[in-house]
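Note that the numbering runs from 1 along the sequence shown for the chain. Reckoned from all heavy atoms, side chains included, excluding hydrogens, waters and symmetry mates.
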Amino acid sequence: MDRPTVVTVEGLPERVTIYEVGARDGLQNEAALVPTEVKAELVTRLLDAGLPVVEATSFVHPKWVPQLADAAELMTLLGERGRDLPVLVPNERGLDRALELGCRHIAIFGSATETFAAKNLNSTLDGQFAMFEPTVRRARDAGVDVRAYVSMCFGDPWEGAVPVSQVVEVGRRLFDLGASQLSIGDTIGVGTAGHVSALVSAFVDAGLGIEALAMHFHDTYGQALANTLAALQAGVTTFDASAGGLGGCPYAKSATGNLATEDLVWFLTGLGIEHGVDLDALVATSSWLAGHLGRPSPSAVVRALATAG
Ligand code: HMG
Ligand code: MG
């Protein structure tokens with residue numbers, strides 16, 4: 001079978017937006033450097049497969065993430081089409097680089113924990129806001145849309161459990177800097193469905209509209225789709241995913257791949273939820289990329305469809 005049987009479930013959203021992070025979250029973690037032309041083809045193929053949002057790259061310090069040191073070259077290759085794709089920006093220096101290239105969407109990325117703020121941003125939990133505040137203000141003044149990520153929302157490899165109240169406080173502060181969306185990151189994939197429900201309702205109780213929330217699941221413990229269902233039941237309509245299940249975080253070694261976009265597309269299709277993505281084109285793209293990376297995709301759906309004949 002190349003498609004699941006569609007059986008709808010009452011009470012779930014009719015349509016969701018898939019926010020594709022493979023070219024950024026995926027490739028930032030690859031041991032081998034991927035040529036810029038291959039990245040440009042990846043981004044183009046993902047857009048052509050119907051993905052409505054494709055995060056392209058990061059304007060972080062090139063020594064911190066050498067895999068994405070070619071951000072400017074990539075954006076130049078993508079031309080006008082690239083200007084509407086979000087890019088990660090940690091600080092004013094990153095913003096300057098993105099603005100020079102005409103980028104119209106950026107994403108800042110904060111940490112819910114002290115240790116990860118140090119490891120990922122060379123900052124403290126409080127210090128990160130001083131870095132993001134002028135970055136977001138200047139971006140907004142320039143007419144640039146800002147997404148905010150908050151990481152380590154379900155657990156942290158150094159600190160263990162992270163209280164829901166702490167995640168909500170940090171997430172709220174990041175969002176209130178002037179973001180249009182808050183992406184709740186399970187950076188190391190330890191979240192479970194009940195925890196997702198509790199965290200989403202805590203954000204809603206704190207005044208964040210459900211339409212402003214996105215979920216960003218890594219699939220380390222195989223919980224990402226169960227967690228997606230819990231978030232759908234709470235009314236969330238934006239989900240981050242990575243083509244072929246690429247991914248991880250170079251500053252959180254226990255993070256493995258993101259929820260694979262193909263697995264998410266199969267799951268949503270089965271529930272009759274609209275997503276606008278062409279699964280065959282997406283699987284072909286992930287199989288092509290796996291050829292470049294020299295190893296098979298970890299996505300269950302890519303593997304199943306590739307052998308389904
Ligand atoms: P720092 O070393 O503290 O930076 O790094 P600094 O402000 O002290 O500056 C030092 C030098 O770096 C200066 O140059 C700056 O100009 C330069 P000098 O004056 O010495 O010649 N510099 C830059 N150069 C280029 N681009 C920049 C930049 N900033 C400073 N943007 C910094 C602080 C935040 C820059 C660093 O820690 C960094 O780049 N971190 C990024 C780490 C990263 O990308 N992690 C992965 C993404 S997060 C993630 O994957 C999680 C997510 O997927 C959600 C989830 O799963 O939870 C989003
Ligand atoms: Mg991530």
Side-chain angles (χ1 to χ4, degrees), residues 13 16-21 24-25 53 55 86 88 106-114 116-117 120-121 125 128-129 132 136 145-157 159-221 223-242 247-249 251-252 254-259 261 264:
V16 305
T17 300
I18 301 181
Y19 183 107
E20 170 63 46
V21 297
R24 191 280 303 171
D25 210 346
V53 190
E55 195 170 75
L88 242 58
I106 65 159
I108 57 165
F109 48 103
S111 169
T113 67
E114 197 66 67
F116 192 59
N120 200 45
L121 295 165
L125 193 57
Q128 66 183 341
F129 295 102
F132 295 137
V136 174
D145 171 69
V146 181
R147 169 185 242 224
Y149 282 100
V150 55
S151 288
M152 299 301 174
C153 296
F154 295 89
D156 171 294
E159 298 186 17
V162 183
V164 164
S165 56
Q166 183 176 326
V167 175
V168 172
E169 195 193 323
V170 173
R172 182 84 245 197
R173 271 180 85 181
L174 287 167
F175 183 76
D176 287 346
L177 292 173
S180 59
Q181 188 171 67
L182 182 72
S183 175
I184 301 173
D186 186 5
T187 319
I188 55 169
V190 292
T192 49
H195 198 166
V196 171
S197 307
L199 190 55
V200 171
S201 33
F203 269 113
V204 172
D205 290 347
L208 253 109
I210 195 82
E211 66 293 338
L213 295 179
M215 303 308 297
H216 179 102
F217 295 127
H218 285 254
D219 206 19
T220 321
Y221 291 83
Q223 303 299 301
L225 283 180
N227 292 345
T228 300
L229 183 58
L232 283 169
Q233 283 166 336
V236 175
T237 54
T238 303
F239 291 89
D240 299 0
S242 156
C249 177
Y251 293 100
S254 48
T256 63
N258 292 76
L259 166 59
T261 315
L264 178 61

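- Contact record, Gly110 with Phe132: CA-CE1, 3.7 Å, taken as the closest heavy-atom pair.
- In this structure, a donor-acceptor pair under 3.5 Å is present between the side chains of Asp240 and Ser183.
- The backbone N or O of Arg24 lies less than 3.5 Å from no partner atom in the side chain of Glu55, so there is not a single donor-acceptor pair.
- Closest approach of Gly171 and Phe203 over heavy atoms only: CA-CE2, 4.0 Å.
- For Gln166 (side chain) and Ala112 (main-chain N/O), a donor-acceptor pair under 3.5 Å exists by modelled atom type.
- Paired with Phe239 under the rule side chain to side chain contact (heavy atoms under 4.5 Å, CB included), one option of Thr17, Leu232, Asn227 passes, and it is Leu232.
- Using modelled atom types, one side-chain atom of Thr220 and one backbone atom of Ile188 make a donor-acceptor pair closer than 3.5 Å.
- Note: Ile108 CD1 to Arg147 CZ = 11.5 Å, rounded to the nearest 0.5 Å.
- Using bins of under 30°, 30° to 60° and over 60° for the plane-to-plane angle, the ring pair Tyr149/His216 lands in the perpendicular bin.
- With 3.5 Å as the limit, one finds a donor-acceptor pair spanning the side chains of Thr261 and Glu20.
- When atom types are taken as modelled, the side chain of Gln223 and the backbone of Tyr221 share a donor-acceptor pair closer than 3.5 angstrom.
- Ser111 places a side-chain N or O within 3.5 Å of a backbone atom of Thr113 that can act as its donor or acceptor partner.
- The backbone N or O of Asp156 lies less than 3.5 Å from no partner atom in the side chain of Glu159, so there is not a single donor-acceptor pair.
- Counting heavy atoms from C-beta on, the side chains of Leu208 and Arg172 come closer than 4.5 Å.
- To the nearest 0.5 angstrom, Asn258 atom CG is 4.0 Å from Asp25 atom CG.
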